[in-house]
Number of protein chains: 2
Amino acid sequence: MLSRIEDMATLSRKQREIAQRHQLFLDIARNLINKEGCAAVSMDHLAELSEYSRGTVYQHFPCKEEVLIEVCNSSMSYLLSLFERARAIPHSNRDRILAVMVAHNYFDLRQPHCNKILQYTSDNSIMDKVSEANLQQHNKLEKSLLLVVSSIVGEALKTKELTMPKDLTAIELVFGLWSLNHGSQLLQAAELHLDEFGITQPEETIARVVAATLDGLNWKPLYDAKKHKAMMQWLKDTVFVDPQMADDAEEI
Amino acid sequence: MLSRIEDMATLSRKQREIAQRHQLFLDIARNLINKEGCAAVSMDHLAELSEYSRGTVYQHFPCKEEVLIEVCNSSMSYLLSLFERARAIPHSNRDRILAVMVAHNYFDLRQPHCNKILQYTSDNSIMDKVSEANLQQHNKLEKSLLLVVSSIVGEALKTKELTMPKDLTAIELVFGLWSLNHGSQLLQAAELHLDEFGITQPEETIARVVAATLDGLNWKPLYDAKKHKAMMQWLKDTVFVDPQMADDAEEI
DNA sequence: TCATTTTTTGACATGTTGTCTAGAATTGAG
DNA sequence: CTCAATTCTAGACAACATGTCAAAAAATGA
């Protein structure tokens with residue numbers, strides 16, 4: 001990860017070139033994943049498309065898996081920034097939960113490769129090829145994402161908007177919400193033809209189901225169809241709106 | 001799919017041998033997936049472990065993807081039978097929903113390879129290599145699974161145990177429940193170390209979250225901690241209990 | 001200018017995929 | 001029981017991917 005803007009000034013011309021090339025490889029990989037899936041990412045391919053040789057690619061990444069996890073991590077840190085934006089909205093904590101859901105959906109629409117990589121690498125034999133450093137960064141990012149949701153729930157407990165029942169802890173609720181969101185996004189990405197079943201707006205549907213869940217836990221303020229709809233609209237139109245069709249947090 | 005018991009009698013000795021060998025390859029593949037992941041499944045490997053030659057393996061499967069989807073389909077039809085067993089319990093429809101969740105969890109514990117395959121094959125370039133027939137069977141199985149849940153919700157609507165609110169349809173609720181379950185199982189299977197966060201019994205947690213969701217929709221009878229716990233216990237001890245450590249619906 | 005260091009290259013060994021042909025085994029007619 | 005026809009099996013092959021390495025090329029600096 002040598003490609004951050006603030007580092008650029010302190011690096012020599014040569015080092016900047018290397019960092020730039022590193023980013024080029026990542027960009028090519030991301031495109032490949034979006035267009036043809038993870039299986040299409042090969043060192044050969046990367047070399048060919050970048051017009052460098054295989055050896056040069058191996059200078060940057062010890063193996064294909066390392067490419068994938070770096071692309072994934074860079075997207076996830078962008079997702080984290082979206083989550084933090086969601087947490088910061090000046091509304092009830094319930095609405096903040098909603099905002100996180102919208103953020104996640106916004107992200108998955110624009111960065112479909114991230115889930116693809118996560119699924120591809122969930123296979124046993126793949127994740128244990130990547131470097132310790134990137135793996136740790138990956139875990140840290142995942143934990144940070146959960147912590148954002150967790151902190152919103154914690155805040156709601158503090159303000160008494162929510163009181164946990166005896167047989168469910170705050171972190172368990174977070175796990176439930178996370179599962180719901182994660183599951184729906186994978187189902188959306190899968191070749192399930194949800195519309196054939198009558199699911200035309202999965203995002204709205206999940207938001208509604210989350211609302212039912214929070215109602216079931218008596219998280220105040222309870223669901224109000226009109227306000228819910230208005231909030232969703234506001235989030236989509238104002239908070240999570242393409243800045244400039246940016247497709248990654250990392251820019252050079 | 002020539003390996004069903006009832007067909008055996010009508011086949012010649014040679015045909016039986018072939019069917020048996022077909023099953024042998026599938027069994028080896030399943031073991032490989034469980035132990036080392038989908039990436040470890042190779043035609044070479046299959047040939048070596050079965051002590052047949054590569055050519056023979058290709059006689060049975062045109063490609064590796066075909067092996068994977070056949071293993072997956074065979075497991076999914078077992079899952080369908082579990083779902084149907086869940087639907088048949090002599091209790092409220094709410095409890096039947098719970099039973100489906102327990103069934104799904106029971107299944108994923110015993111057949112972890114099924115989710116692994118689904119994740120592995122979600123990559124664009126993989127699913128479009130499999131034969132039309134197997135792909136259709138796969139879609140049909142997926143649809144059947146959803147229909148079981150859907151029919152339980154339909155039954156609850158008929159008996160007025162549940163009334164859908166204006167802004168949520170029955171099928172959307174099914175999608176929500178499906179997402180929740182699917183998501184939680186993938187998160188359990190991932191290398192997330194849920195216990196570090198304080199999630200020691202993900203299955204119980206998700207059942208509790210589902211209960212909250214159904215409460216939020218006012219699906220009667222509402223959640224009662226004691227009865228819920230008893231029902232979970234009964235399902236796990238009585239309904240979904242290893243018959244004989246069977247590890248697949250297909251037996252020879 | 002040229003020696004030193006670094007970067008880049010492509011050939012190589014190894015392993016996988018899917019095809020294809022020659023040889024082995026099985027079958028059934030005489 | 002024999003032998004030709006048919007079917008099945010084995011493994012060689014070309015194509016491609018991976019990761020390594022030594023030689024060639026380029027950059028650096030006295």
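Chain letters run A, B, ... following the sequence lines, proteins first, then strands; residues in each count from 1.
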* Separation of A:Glu17 atom CD from C:dT6 atom C1', in whole Å? -> 13 Å
* **Pairs involving residues 36-63 of chain B, ordered by first then second residue, that meet salt bridge (Lys or Arg N to Asp or Glu O under 4.0 Å) (sequence neighbours left out)** => B:Asp44-B:Arg54
* Whole-Å distance separating the OH atom of A:Tyr52 from the C1' atom of C:dT7 -> 11 Å
* Asked: Taking five pairs at each end of the helix from C:dT1-D:dA30 to C:dG30-D:dC1, what angle separates the two helix axes (nearest 10°)?
  -> 20°
* To do: Give the rounded distance in Å between these two atoms: CD1 of A:Ile18 and P of D:dT28.
  => 11 Å
* Asked: What string of B, S and - do you get for nucleotides 15-21 of chain D, 5' to 3', when a contact is any protein heavy atom under 4.0 Å?
  -> --SBBB-
* Asked: Only one of B:Arg110, B:Glu204, B:Gln185 forms a side chain to side chain donor-acceptor pair (under 3.5 Å) with B:Asn105, so which one is it?
  -> B:Gln185
* Which pairs count as salt bridge (Lys or Arg N to Asp or Glu O under 4.0 Å) when at least one residue sits in residues 134-148 of chain A, sequence neighbours excluded? -> A:Lys143-B:Glu196
* **Value in whole Å for how far the P atom of D:dG11 lies from CD of B:Glu51** => 12 Å
* Structure fact -> Hits for salt bridge (charged side-chain N to carboxylate O under 4.0 Å, His left out) against A:Glu203, two or more places apart or cross-chain, chain-then-number order -> A:Lys236
* Residues in salt bridge (charged side-chain N to carboxylate O under 4.0 Å, His left out) with A:Arg87, at least two apart? -> none
* Asked: Rounded to the Å, how far apart are B:Gln59 CD and C:dA24 P?
  -> 18 Å
* **Under the side chain to side chain contact (heavy atoms under 4.5 Å, CB included) test, residues paired with B:Ser53 that sit two or more places apart** => B:Thr56
* Asked: Taking OP1 and OP2 of D:dA10, is either one under 4.0 Å from a side-chain nitrogen or oxygen of B:Thr56?
  -> yes
* To do: Would you please name every residue forming a side-chain hydrogen bond (donor to acceptor under 3.5 Å, both in side chains) with A:Lys116, sequence neighbours left out?
  => B:Asn124
* B:Phe175: ring-ring contact (aromatic ring centres under 6.0 Å, His included) partners, not counting sequence neighbours -> none
* Asked: In whole angstrom, what separates B:Leu46's CG from C:dG15's C1'?
  -> 16 Å
